[in-house]
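Here the structure is a predicted model, which is why all the values come from computation and not from measurement. Residue numbers start from 1 in every chain, and the chains themselves are labelled A, B, ... in the order their sequence lines are given, proteins ahead of strands.
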Amino acid sequence: MKICVCVKRVPSTTTRVVVGADNQLDPTGVEFELNPYDEFAVEQALQVKEAAGEGSVTAISFGSADAKKELQKVLAMGADDAVLLQNAEAPHADGATTAKVLAEELQAAGAQLIFFGKQAVDRDQHGVGPAVATRLGMPCITEVVKFELQGDQVVCEREIEGGRETVTASLPCAITCQKGLNEPRFASLKGIMAAKKKPLEMKDVAIEGAAVELVSMSLPPERPAGRIIGEGADAVPALMEALKNEAKVL
Amino acid sequence: MTDILVVLETREGALRNASLEAVGAARAAADASGGGKVTALATEQADLDAAQLGGAGADAVLVADAGAHSPDGAAATAVRVAGELGVGAVFVSATVRGRDLLGRIAAGLDTGFAADCTAVDFAEGGFVFTRPVYAGKAQIQVKVNGPVAVASMRGNHFAPAGREASAEMGTTAAEGGKAQVTAIAGKSGGRPDVAEAARVVAGGRGLGSAENWHLLEALADALPGAGLGASRAVVDSGWRPHSEQVGQTGKTVSPELYIAAGISGAIQHLAGMSSSKVIVAINKDAEAPIFQHATYGIVGDVNEILPALTEAVKAAVE
Ligand SMILES: Cc1cc2nc3c(=O)[nH]c(=O)nc-3n(C[C@H](O)[C@H](O)[C@H](O)COP(=O)(O)OP(=O)(O)OC[C@H]3O[C@@H](n4cnc5c(N)ncnc54)[C@H](O)[C@@H]3O)c2cc1C
């Protein structure tokens, strides 16, 4: 079975955001890493292949040349090969444009299963997986916390507000992965060595315009300065007073 | 003048509150554009109230004849109806199901999308959406270049219009889908989900153990409409389910009141809750970063303060 997993290079979650002159995140001093949710996607892809005892896992990223590093990590975790769809503007591309580029590559790949992280923790849009699947005419199950393959039927569970729903579809199918789905493995030293010999293809891709235009980026409005009301349980009456009469939330 | 289609979320035929907020957002946006028509679409059979939806801001309501929810089927129905009506925008609520529809509807209409919007303005002939990025550490304003702007509206940021009006009710055909919801296990009658709650009581490692959670539960029981939240440290320790995690790799919340007990205030946690209206921090360490972001803080032991606060809240809301 051919399995693809789509991954993204994102700023580390510890990043303190500074807005640059170009209305984008100022990259000075920012560390980048594999999108945390994509680790669940990679792990699931590898588990499906291992359970089937055959097949291949291809990692695909739409990114700048730097994203080679994140693809190397996915290869070290165990993917068989990787494709970097390279464009210097990729890190700032909108979700709809990203989905178009990925769908074109995936159309040719002919995968039975495509795994995504449920969102990239930079733009936080949750949209690329389902948009790719729609372009490919494939079903897609999003924010999955439990995945099962029964023959050619995919049975997944996902958490919705105040409940959990079971969603089923048949292959080929796309899945976006939520925390809780699995425990992503670490790349072993052997894996890291092996990754160096695995195929990593770089393809230049063009993007025609943007589906979404960035007007501005700013820091969120400052919170008004707060105060320490006091110490211990003795401070509770003063807190109640503030919540009732000052903040008016009780 | 832009007409807007709002895709409603229903569960077992009942409308979700988040959808009324999305309808309210659409009403305000259509009015800002010079007065467009707002049509609300239920993609599955539902028991809808013309006065409730009209009051929230819808001019018309369409109910499709599907039984269970199919994510791709619902999106296909929305895409077809958007085309039939010739709307300039499609809004959904930024719930798990709404987020699921967003990218699909945009791809179906070959246009761009904006997720989790916290404000919608109208400028130079188009909508400008404000939305958080980097888990709320920054926000961006975007315009959708395609023919239809597809956007999801974050909870607790928009209100139903609150007008006296009745929406015109109609029906439409549902498109079939390849993925199908086959079961829903609900925590019926339970607490509101942390992402939707107007008040959140959240606990961190400072609670000491899973067994101590009754302290937070008692406070949440006393506060009407309160949901429970947790830090990642607590979820990773297995004390609480991931569905309660607030932060960069959990849920983003913006309730009226967020009470953080025994939470240090790591940047990834702050990312998920710093847009709360009022933040109360309880922590024994006066230097904990959470105090720099809190509206009100009490320095001290949660074991002592939570029971006292619970009693005070009980007395206050009675
Ligand atoms: C990729 C990534 C993603 C992450 N995503 C998230 C996320 O989504 N959400 C999240 O929360 N974290 C996230 N984190 C983890 C984050 O960095 C912190 O480790 C975590 O938030 C700490 O949780 P905590 O505040 O409960 O625990 P701690 O940092 O251990 O803090 C416990 C606090 O309790 C106080 N305390 C102890 N005992 C008492 C007492 N008896 N009474 C009162 N106070 C007491 C202490 O003073 C301390 O401030 C992420 C980290 C990474 C690397």
Side-chain angles (χ1 to χ4, degrees), chain A residues 13-15 17 19 36 94-96 99 121-128 130-131 134-135 139-143 159-169 179-180 210-220 223 226-233 235-237 239-240 242 244 247 249-250, chain B residues 72 95-97 99-100 102-104 106-108 111-115 128 133-146 178-187 190 193 195-196 242-243 248-249 256-257 267-268 278 291 293-300 304-305 308-309 312 316:
Chain A
T13 57
T14 51
T15 302
V17 173
V19 180
D94 64 88
V121 301
D122 48 6
R123 288 300 201 243
D124 292 324
Q125 294 228 83
H126 310 84
V128 169
T134 302
R135 289 193 172 274
C140 177
I141 310 177
T142 57
E143 305 198 33
E159 266 157 16
I160 55 176
E161 292 78 7
R164 195 179 246 250
E165 64 184 13
T166 307
V167 189
T168 54
K179 187 181 166 178
V212 170
E213 180 193 328
L214 180 66
V215 179
S216 66
M217 182 186 287
S218 56
L219 297 182
R223 294 192 67 83
R227 62 172 198 272
I228 303 256
I229 299 250
E231 280 186 31
V236 166
L239 173 64
M240 291 300 295
K244 261 192 282 185
V249 288
L250 277 188
Chain B
D72 46 332
T95 54
V96 175
R97 279 194 183 172
R99 288 202 295 249
D100 178 291
L102 179 78
R104 299 175 200 266
T111 188
F113 55 88
V128 179
V133 290
Y134 305 109
K137 288 180 229 166
Q139 58 183 23
I140 56 175
Q141 291 194 309
V142 294
K143 275 186 143 177
V144 174
N145 286 335
K178 292 178 176 165
Q180 202 70 42
V181 171
T182 49
I184 302 180
K187 300 176 245 160
D193 191 270
E196 295 183 317
H242 178 250
S243 56
Q248 186 136 16
T249 48
E256 288 251 290
L257 174 62
I267 188 166
Q268 294 99 342
V278 172
F291 285 124
H293 303 268
T295 322
Y296 306 118
I298 298 185
V299 180
E304 182 200 327
I305 294 162
L309 184 57

Between [X] and chain A, which part of the residue has a heavy atom less than 4.5 Å away: side chain, backbone, both or neither?
| X | result |
| --- | --- |
| B:T295 | both |
| B:D72 | side chain |
| B:A294 | backbone |
| B:F113 | both |
| B:L309 | both |
| B:E196 | side chain |
| B:I298 | both |

Mind ranking [options] by heavy-atom pairs under 4.5 Å with chain B and telling me who comes out on top?
| options | value |
| --- | --- |
| A:G226, A:A233, A:S216 | A:S216 |
| A:A210, A:G95, A:P220 | A:P220 |
| A:A169, A:G232, A:A247, A:G180 | A:G232 |
| A:D94, A:V128, A:T14, A:I229 | A:I229 |
| A:D122, A:T142, A:L214, A:L219 | A:D122 |
| A:R227, A:R135, A:E231 | A:R227 |

Next item on the list: To the nearest 0.5 Å, tell me how far B:Q180 CD sits from A:I141 CD1.
Entry: 10.5 Å
Item checked: B:Y296 side, atom OH; A:L239 side, atom CG - distance, nearest 0.5 Å -> 8.5 Å
Between [options], which residue shows the highest count of heavy-atom pairs closer than 4.5 Å to chain A?
| options | answer |
| --- | --- |
| B:V144, B:V128, B:V133 | B:V133 |
| B:H293, B:E304, B:K143 | B:K143 |
| B:I305, B:V299, B:T111, B:T95 | B:V299 |
| B:A312, B:A107, B:G297, B:G146 | B:G297 |

Next item on the list: Measure A:E143 against the heavy atoms of chain B and call it side chain, backbone, both or neither at under 4.5 Å.
Entry: side chain
Note to self: Heavy-atom cut-off 4.5 Å, strictly under: side chain, backbone, both or neither for A:A235 against chain B?
What the structure shows: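 Answer is both: backbone and side chain atoms of A:A235 are under 4.5 Å from chain B.
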Note to self: Under the criterion side-chain contact (heavy atoms from CB on, under 4.5 Å), I'd like the reasoning laid out for A:V121 against B:Q248: C-alpha separation, chi angles, the key distance, then a yes or no.
What the structure shows: CA-CA 7 Å; A:V121 301; B:Q248 186 136 16; 3.9 Å; yes
Margin query: Tell me if a side-chain donor or acceptor on A:E161 pairs with a main-chain N or O of B:D193 at a distance below 3.5 Å.
Written below: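 Not confirmed, A:E161 side chain does not pair with B:D193 backbone.
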Notebook entry, point to check: Got a donor-acceptor contact below 3.5 angstrom from the B:K137 side chain to the A:T15 backbone?
Noted result: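 Such a contact is found between B:K137 side chain and A:T15 backbone.
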Which atom names give the shortest non-hydrogen contact between [X] and [Y], and what distance separates them?
| X | Y | answer |
| --- | --- | --- |
| B:L257 | A:V249 | CD1-CG2, 4.2 Å |
| A:Q125 | B:A115 | OE1-N, 2.8 Å |
| B:A135 | A:D124 | N-OD2, 2.6 Å |
| A:C140 | B:A179 | O-CB, 4.5 Å |

Checklist line | Residues in salt bridge (Lys or Arg N to Asp or Glu O under 4.0 Å) contact with A:E165, at least two apart in sequence or another chain | finding: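 Counting only residues at least two positions away or on another chain, A:E165 forms a salt bridge (Lys or Arg N to Asp or Glu O under 4.0 Å) with A:R158, B:R97.
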Checklist line | Test side-chain contact (heavy atoms from CB on, under 4.5 Å) applied to A:E159 and B:V96, step by step | finding: CA-CA 8 Å; A:E159 266 157 16; B:V96 175; over 6 Å; no
